Asker: 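After the structure tokens below, expect a handful of questions from me.
Heavy-atom basis, side chains included; hydrogens, waters and symmetry copies ignored. Bear in mind the structure is a predicted one, so any value in this text is a computation, not a measurement. So that the names make sense, note that chain A is the first sequence line, chain B the second, and so on, each numbered from 1.
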Protein chains: 2
Amino acid sequence: MSAGRQDVHNSNVPALCQSCEARHNGMCGVLNADELLAFAKHTRVVRHGAGEELLSEGASITAYSNVMRGVVKLIKTLADGRRQIVGLQFAPDFVGRLYADESAVTAEAASDVELCRISKRALERMVASNPMLEGRLLKQALRDVDEAREWMVALGRKTASEKLASFLGQIGRYLDPMVAQDDRTLAFELPLTRAEIADFLGLTIGTVSRELSRLKRDGIIEIRSRRKIEIIDRQRLQQRSG
Amino acid sequence: MSAGRQDVHNSNVPALCQSCEARHNGMCGVLNADELLAFAKHTRVVRHGAGEELLSEGASITAYSNVMRGVVKLIKTLADGRRQIVGLQFAPDFVGRLYADESAVTAEAASDVELCRISKRALERMVASNPMLEGRLLKQALRDVDEAREWMVALGRKTASEKLASFLGQIGRYLDPMVAQDDRTLAFELPLTRAEIADFLGLTIGTVSRELSRLKRDGIIEIRSRRKIEIIDRQRLQQRSG
DNA sequence: CGGGCTTTTGAGGTGGCTCAAACAGAGTGG
DNA sequence: CCACTCTGTTTGAGCCACCTCAAAAGCCCG
């Protein structure tokens, strides 16, 4: 509380923020040590297990979050239960629809997650007084638009096998951005079950499984275990993604 | 530059802005008369005929626009020519991807349009110095996200007939927001050809036409001419949109 | 080592596609 | 005012990608 003894030095940064990805690439990156300190007064780290619902479609929004670890899926559901995943948020993404009173999506932890939570009121006050912060949120929103539109193409115009190839490519690219261009194999853990992949790609679980098997049969990927995939031939994966 | 003679009065507003929708509901709404005047120094009204390309996927962006009249469609194209319309922008929407050097979409006039054009450089400078403007663009981006996600559900999970019903419902709602709830019929002009509707809904032209015929046969709509549709039974249209 | 998951695989059905022909409107020129 | 064309739309017949339903096979944890 009393910040009297602290000098203007980087060590003023709250311990949790030190290693938080949001400080580097996320919205907190625009805050200096003092602002970060003020910000941290309103935040709380919360943990949720895989499958827990963080936010319910139609429910009122009381807080926003930044993803610190894990994956959050954004889901929309039709009256008869059909589901579509409309977004995946990885660290250090921002979760929540700024200014909306009620959520247009259900947010659910796809894996165990750690979130940095801040009340709706507090964040909106900070945004109003800090244009830099607003700018970061604008950039996040623009990225979200880009991504949603990218998937609209997949959903509307790609075949099942192209959808799977695009999905694996995107996950691979996201999880290992460093080695985007060379041709080594690339192994990673799928953040989603087959059923969730189906809900993301507008397919059924059967088709997802079949197409994965096909990619494996064709020597493009290896399926090491349910969740562990290895991309053997990126080039051909790319070719198949439409 | 010398604003000496101008008193703080509404009549200082540039003539073109007086009636422009962007001043009321669009991004210019946050500008006062002086700011608007400064803004207008960098803008130019441009007209384009239906079908003209305003912006090309992958091309560098040099200017942004506000739609003053007409409809702009945002298109993404796959290597083999398959197309997906990923957004429709009506007055007073903002067109262009802020901060991006190259466009991720092709923008095309769906009808004859009037745009208020401003150079990328000029707008970005104004945004940097005017947080209110940035806030408006953030809100626009958030609306774009909401809309894209709404259509992801349709593309991924709705049947052809549900897609058509959703589309007609949205257009109707947009073009006549005043009478959203009562049960009068609602006539309007489609801003898109059958082929464009197909590219929006991830269908083929044949299916679009068939489903429209079915809605007509079932007494839910009337097709007055190619472009003129009348919604006879909004309630049942709503029921069919999933 | 059995019971409850998720995933894979198979067999058959179907919604929306492809291909193709007929039709309708809006110009255009005779 | 009527062909004549051009483009956009409707409609039909047949097919295929993906769905549905169902069973078998892994995998994980007691």
Asker: Can you tell me which residue among B:Leu74, B:Ile75, B:Ile85 is in a side-chain contact (heavy atoms from CB on, under 4.5 Å) with B:Val105?
Answerer: B:Leu74
Asker: Backbone N or O of A:Gln238 within a donor-acceptor pair of the A:Ser241 side chain at under 3.5 Å?
Answerer: yes
Asker: Can you tell which of D:dT10, D:dT11, D:dC18 lies closest to the side chain of B:Arg210?
Answerer: D:dT11
Asker: Quickly work out the B:Ile205 CD1 to D:dT11 P distance and round it to whole Å.
Answerer: 13 Å
Asker: Strictly by modelled atom types, are B:Thr185 and B:Glu230 linked by a side-chain donor-acceptor pair under 3.5 Å?
Answerer: yes
Asker: Once you round it to whole Å, what is the distance between P of D:dT9 and CD1 of B:Ile221?
Answerer: 14 Å
Asker: Go through DNA chain C in 5' to 3' direction and return only the first and the last nucleotide with some atom under 4.0 Å of chain B's heavy atoms.
Answerer: C:dG16 to C:dG25
Asker: In this structure, how many angstroms lie between the C1' atom of D:dT10 and the CG atom of B:Leu215, rounded?
Answerer: 15 Å
Asker: So A:Lys158 and B:Leu78, do their side chains get closer than 4.5 Å, heavy atoms only?
Answerer: yes
Asker: Which residue in the set A:Val86, A:Asp199, A:Leu88 passes side-chain contact (heavy atoms from CB on, under 4.5 Å) when paired with A:Lys73?
Answerer: A:Leu88
Asker: Enter the inter-axis angle for the ends of the helix from C:dC1-D:dG30 to C:dG30-D:dC1 (five pairs per end, rounded to 10°).
Answerer: 30°
Asker: Atom CD1 of A:Ile223 and atom C1' of D:dC27: how far apart are they, to the nearest Å?
Answerer: 14 Å
Asker: Give one of base, sugar-phosphate or nothing for A:Leu203, where a contact means two heavy atoms less than 4.0 Å apart.
Answerer: sugar-phosphate
Asker: Of B:Lys158 and A:Ser213, whose nearest nucleotide on DNA chain C comes first from the 5' end?
Answerer: A:Ser213
Asker: To the nearest Å, how far apart are A:Lys163 NZ and D:dA17 P?
Answerer: 14 Å
Asker: Answer with base, sugar-phosphate or nothing: what part of the nucleic acid does B:Ser225 contact at a heavy-atom distance below 4.0 Å?
Answerer: nothing
Asker: Going by distance alone, is a donor N or O of one side chain under 3.5 Å from an acceptor N or O of the other, for A:Lys76 and A:Thr106?
Answerer: no
Asker: From A:Met27 CE over to A:Asp93 CG, what is the distance, rounded to the nearest 0.5 angstrom?
Answerer: 11.5 Å
Asker: Start at the 5' end of DNA chain C and walk down; is the nucleotide closest to A:Ala195 or to A:Arg157 reached first?
Answerer: A:Ala195
Asker: Do A:Ile221 and A:Leu168 have side chains that get closer than 4.5 Å, going by heavy atoms?
Answerer: yes
Asker: Does A:Lys139 count as lying over the ring of B:Tyr99, i.e. NZ or CZ under 6.0 Å from the six-ring centre, within 45 degrees of the axis?
Answerer: yes
Asker: To the nearest Å, give me how far apart CD (B:Glu211) and C1' (D:dT11) are.
Answerer: 13 Å
Asker: When you match A:Thr204 and A:Arg224 each to their closest nucleotide on DNA chain D, which lands nearer the 5' end?
Answerer: A:Thr204
Asker: Nearest to the side chain of B:Ser209 - D:dC19, D:dC18, D:dT10?
Answerer: D:dT10
Asker: Within this structure, what is the CG-to-P distance between B:Leu164 and D:dT10, rounded to whole angstrom?
Answerer: 11 Å
Asker: Would you call the rings of A:Phe94 and A:Tyr64 parallel, tilted or perpendicular, where under 30° means parallel and over 60° means perpendicular?
Answerer: tilted
Asker: Heavy atoms under 4.0 Å, any strand shown: does B:Arg226 hit a base, just sugar-phosphate, or nothing?
Answerer: base
Asker: Provide, to the nearest angstrom, the distance between the CG atom belonging to B:Leu192 and the C1' atom belonging to D:dT9.
Answerer: 15 Å
